[in-house]
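No hydrogens, no waters, no symmetry mates; every other heavy atom, side chains included, goes into these values. Values in this document were obtained by computation on a predicted structure and should not be read as measured data.
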Amino acid sequence: QVQLVESGGGLVQAGGSLRLSCAASGRTFSRYVMTWFRQAPGKEREFVSAISKSGSSTFYADSVKGRFTISRDNAKNTVYLQMNTLKPEDTAVYYCAASTGTVVTTTPSGYDYWGQGTQVTVSS
């Protein structure tokens, strides 16, 4: 089992940047595919970005491609989401999630563990 704790959210103006972190407990972090989802008020939770267990492969939603970068440090049990050129439509609660599966999935049901979320608000 793994526990996930996100941090780094906040209020930023459009065009600004934030870096989210997700720290995981336990000694098996490298066994998990790690993914960021987000959920805006009144909307379904949506896939943002994922990274493979080794970090060699990354995946992005079209809406964030070229602006967001996911990375992980398996020695620190942490996954990051660098968010640049933020837009008001990026406003949401951001969640990190972990999966023991062998393939990356973009659907929330494919993930076993979730953090509590961190709020990101982008003002126009």
Side-chain angles (χ1 to χ4, degrees):
Q1 194 168 4
V2 64
Q3 292 183 326
L4 305 174
V5 179
E6 301 98 334
S7 62
L11 173 64
V12 64
Q13 289 188 332
S17 298
L18 284 174
R19 188 174 85 151
L20 305 183
S21 299
C22 174
S25 64
R27 296 175 289 179
T28 59
F29 181 69
S30 61
R31 297 181 184 179
Y32 296 94
V33 169
M34 298 300 298
T35 299
W36 289 95
F37 288 85
R38 66 187 181 187
Q39 188 166 19
K43 295 189 176 181
E44 294 186 350
R45 194 166 296 189
E46 66 172 359
F47 169 81
V48 175
S49 181
I51 189 165
S52 62
K53 299 175 183 181
S54 67
S56 60
S57 298
T58 57
F59 308 84
Y60 298 94
D62 287 344
S63 59
V64 307
K65 201 170 294 183
R67 300 187 298 121
F68 291 10
T69 303
I70 191 171
S71 61
R72 67 189 297 162
D73 185 336
N74 285 346
K76 295 183 177 180
N77 285 8
T78 303
V79 61
Y80 305 97
L81 185 68
Q82 177 66 43
M83 305 186 296
N84 297 329
T85 319
L86 282 161
K87 304 175 181 181
E89 51 263 44
D90 295 319
T91 295
V93 177
Y94 283 70
Y95 298 89
C96 70
S99 169
T100 56
T102 55
V103 296
V104 172
T105 177
T106 61
T107 57
S109 60
Y111 290 82
D112 308 295
Y113 306 103
W114 291 84
Q116 82 289 349
T118 186
Q119 177 71 48
V120 171
T121 303
V122 184
S123 63
S124 57

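Proximity of Thr105 to Tyr111: side-chain heavy atoms (C-beta onward) are separated by under 4.5 Å at one or more points.
For the atom pair Tyr94 OH and Ser7 OG, the distance stands at 15.0 Å (nearest 0.5 Å). Expressed to the nearest 0.5 Å, how far OG1 of Thr28 lies from NZ of Lys53 amounts to 10.5 Å. Interatomic distance, CZ of Arg45 versus OG of Ser109, reported as 11.5 Å (0.5 Å rounding). One distance of note links OG1 of Thr78 with CE of Met34; it measures 9.0 Å at 0.5 Å rounding. Rounded to the nearest 0.5 angstrom, Glu44 CD and Gln39 CD are separated by 8.5 Å. Between Cys96 atom SG and Gln116 atom CD the span is 7.5 Å, to the nearest 0.5 Å.
Listed here is the closest heavy atom pair of Ala98 and Val2: CB-CG1, 4.2 Å. Taking each heavy atom of Ser71 and Val79 in turn, the nearest pair found is O-CG2, 3.1 Å. Minimum interatomic distance between Arg38 and Ala92 (heavy atoms only, all atoms of both residues): CB-CB, 3.8 Å. Minimum interatomic distance between Val104 and Ala50 (heavy atoms only, all atoms of both residues): CG1-CB, 3.5 Å.
For Gln119, the CD atom is densely surrounded, since the number of other residues' heavy atoms within 6.0 Å is greater than 12.
Note: Tyr32 and Tyr113 have perpendicular aromatic rings, judged against thresholds of 30 and 60 degrees for the angle between ring planes. Ring geometry for Tyr95 against Trp114 counts as perpendicular: the plane angle is over 60°, on a 0 to 90° scale with 30° as the lower cut.
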Q: Could you give me the CA-CA distance, side-chain angles and deciding distance for Trp36 and Glu6, then say whether side-chain contact (heavy atoms from CB on, under 4.5 Å) is met?
A: CA-CA 10 Å; Trp36 289 95; Glu6 301 98 334; 3.9 Å; yes
Q: Carefully, step by step, assess Met83 and Arg67 under the rule side-chain contact (heavy atoms from CB on, under 4.5 Å).
A: CA-CA 6 Å; Met83 305 186 296; Arg67 300 187 298 121; over 6 Å; no
Q) How far apart are the C-alpha atoms of Ser21 and Lys76, what are their side-chain angles, what is the distance that settles it, and do they pass the side-chain contact (heavy atoms from CB on, under 4.5 Å) test? A) CA-CA 11 Å; Ser21 299; Lys76 295 183 177 180; over 6 Å; no
Q: Apply the test side-chain contact (heavy atoms from CB on, under 4.5 Å) to residues Phe59 and Ile70: give CA-CA distance (whole Å), side-chain angles for both, the deciding distance (0.1 Å), then the verdict.
A: CA-CA 8 Å; Phe59 308 84; Ile70 191 171; over 6 Å; no
Q) What do the steps show when you test Asp62 against Lys65 for salt bridge (charged side-chain N to carboxylate O under 4.0 Å, His left out), and what is the final call? A) CA-CA 5 Å; Asp62 287 344; Lys65 201 170 294 183; 3.2 Å; yes
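Here the side chain of Ser99 pairs a donor or acceptor atom with the backbone of Gly110 at under 3.5 angstrom.
Partners of Lys43 by side-chain contact (heavy atoms from CB on, under 4.5 Å), not counting sequence neighbours, listed by chain and number: Ala40.
Linking Ile, Leu, Val, Met, Phe, Trp and Tyr whenever their side-chain heavy atoms come within less than 4.5 Å puts Phe37 and Val93 in one cluster. If you chain together hydrophobic residues whose side chains sit under 4.5 Å apart, Val12 and Tyr80 never meet in one group. At a threshold of 4.5 Å between side-chain heavy atoms, the hydrophobic network of Ile, Leu, Val, Met, Phe, Trp and Tyr places Tyr60 and Leu18 in one connected group. Residues Val33 and Phe47 are members of one and the same hydrophobic cluster, defined by side-chain heavy-atom contacts under 4.5 angstrom among Ile, Leu, Val, Met, Phe, Trp and Tyr. With hydrophobic clusters built from ILVMFWY side chains whose heavy atoms lie under 4.5 angstrom apart, Val64 shares a cluster with Val122.
Test Leu20, Val120, Ile51 against Leu81 for side chain to side chain contact (heavy atoms under 4.5 Å, CB included) and you get one pass: Leu20.
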